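Let me begin by presenting the structure, written as structure tokens, before commenting on it.
Here is the naming used below: chain letters follow the sequence lines, and residue numbers restart at 1 for every chain. Owing to the predicted nature of the structure, the values given are computational and were not obtained by experimental measurement.
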Amino acid sequence: MAKLSVEEVKHVAKLARLAITDEEAEKFATQLGAITDFANELQELDTTDVVPTTHVLPVHNVFREDIPAKGLDRDLMMKNVKEQQDGLVKVPPIIAQ
Amino acid sequence: MSLFDKTSAELQQALLNKEITIADLTKEAYARIDALDGEVGAFLALNKAAAEQEAAEKDQVPFEERGPLFGLPIGVKDNIVTEGIETTCASKILEGFNPIYSATVVEKLRKAGMVTVGKVNMDEFAMGSANENSAIKKVHNPWDFDRAPGGSSGGSAAAVAAGEVPFTLGSDTGGSIRQPAAFCGVVGMKPTYGRVSRYGLVAFASSLDQIGPITRNVRDNALLLEAIAGVDEHDSTSANVAVPSYVEELTGDIKGLKVAVPQEYLAEGVSEGVKAQVLAAIEKLKELGATVDTVSLPHSKYALAAYYIISSSEASSNLSRFDGIRYGFRAEADNLEDLYLQTRAQGFGDEVKRRIMLGTYSLSAGTYDAYYKKAQQVRTLIKQDFDKVFEEYDVIVGPTTPTTAFKLGENLDDPMTVYANDILTVPINLAGVPAISIPCGFDNDMPVGLQIIGKYFEEGTIYRVADAFEKATDFHNAKPQTWEVK
């Protein structure tokens, strides 16, 4: 069974912003390898000139009148924010000292 | 005996005759949840105080102002946002999240006069087929507590099967309404993609997700879909197609109906017990005047792989919003990058992480063409299979699942085995057509589901077939032993 390399899993985890331990990377490498192995059977099919489907219904641009309307209340929108100050969302430092 | 032995029509008659009140119905729901849910595990947040007050107010509304669902209790899957009721998607990352608006379907339930009793359990972010991925608690199948209720709408199906509520809403991305409905012996409909607004449904895979009703009989299911369907200015993928009266379709007459049975849906992998019940159901449809032919959906075997790539890719993008900043769980960290990494590592369960990583991998430069684009091309071929059969036939019929409910804990370490369970349901989501699962018998005392697939926006035809079958059989009246509360 082909498995993804531990390095590949760590790279993907980093792209997806998931902290991952060496042990987890090992486990996910095996599991994801089994899934991608299985997915490789799609390569049997000749899909030359087959248009990819992103959406099943023939819906394209959906327009509406641009009428100004009140959005959600600001205080309400802050209701689930864990840390806040003066109506702003507070986060840890973005740039290291 | 329970009030929930009755259909919605019988309940409305009892209300009209003043034999019961809406307050009684709400009380019955909470009494049954109290008595049963310790073992079933279907409910997460309860809305008791508000629901009891609403019920009392609704009892004052004159009968001429009430519709067919007015005053009836419903449970809502926990990935559908409800203003004022905690919504977690059964994930740690959304613990304590209190939505500040309600999903369009929830607004529509309110307009129909239904009473939201609480939120029902599910696989975390709707990823799973056994409800074992809930970060909060397991759901147990009311027919056998050692068995899985199915997933991801396991709570929705189990709550209805146990008679805790007569109605629930679920969501279906690859079978998440139909598979648990089959496992729990209830009626579950996945509508056409775009039939029901997804506004306020926490997105898993946006091109596949649909909300749909779970009930104990076909007529109630049709009533609930009618109430929640329709175009919505908040969802640009909701379809501007008129919603017909589905109940008017329930004529019981399917003479001359053309039924297709795909050979691939009764092939290797489908258990003998399930096959026998489904073949008997197909015989019943013939007796009722339908003509039945065997057809082929030749790309069926590729649907599962295409589905897991497409749904995981969309999920990896959709779930990037859970970063610990604006809502839900936030990990302690010294800088922003670590906050993201730790919040997501601690907040998501393993199955969600697996799918995010599979999706991220499929969308990466170097793998995009071989995985994501290839899967979308295969999706086209699968859709064309259905289009072709529907040129000649009214409905496609087969089993909902290859087996009846498996034991809890059986497949925990092997994701691929669990994924294989979805083989008969995922092609329908890829094509975007509607499909229902209805009870059609038992195998080793566990319910078997019959899947009826229809043309785009022809849920009415599906309901007509399902109702004709239900009227000619008695499977929908069977109840698990747990139904009788001591």
Problem set entry | Check: A/Arg17 main-chain N/O paired with B/Arg344 side-chain donor or acceptor under 3.5 Å | yes

For this session: Could you tell me whether a side-chain N or O of A/Lys79 sits under 3.5 Å from a main-chain N or O of B/Ile100, the two making a donor and an acceptor?
Result: no

For chain B, find which of [options] contributes the most heavy-atom pairs closer than 4.5 angstrom.
options                            : value
A/Asn61, A/Leu72, A/Thr54, A/Asp73 : A/Thr54
A/Met78, A/Gln84, A/Glu44          : A/Glu44
A/Ile35, A/Leu15, A/Val56          : A/Val56
A/Val91, A/Thr47, A/Val81          : A/Thr47
A/Leu42, A/Val62, A/Asn40, A/Val12 : A/Leu42
A/Glu8, A/Glu83, A/Glu24           : A/Glu83

For this session: Search all heavy atoms of B/Tyr302 against all heavy atoms of A/Glu41 and return the closest pair with its distance.
Result: CE2-O, 3.5 Å

Seminar exercise, completed: Heavy-atom closest pair (A/Leu57 atom, B/Gly194 atom, distance to 0.1 Å) is CD1-CA, 4.3 Å

Does any backbone or side-chain atom of [X] lie under 4.5 Å from a heavy atom of chain A? Answer side chain, backbone, both or neither.
X        : result
B/Leu430 : backbone
B/Leu339 : side chain
B/Phe329 : backbone

When [options] are compared by non-hydrogen pairs under 4.5 Å with chain A, the top option:
options                                : value
B/Lys374, B/Arg326, B/Glu233, B/Lys383 : B/Lys374
B/Ile310, B/Asn240, B/Asp350           : B/Asp350
B/Ser206, B/Ser320, B/Gly328, B/Gly324 : B/Gly328

Exercise. Is there a side-chain contact between A/Lys82 and B/Tyr327 (heavy atoms, below 4.5 Å)?
Worked result: no

Exercise. Under 4.0 Å between a Lys/Arg side-chain N and an Asp/Glu carboxylate O for B/Glu337 and A/Lys14?
Worked result: no

Problem set entry | Neighbour count above 12 (heavy atom, 6.0 Å) for B/Lys373 NZ | no

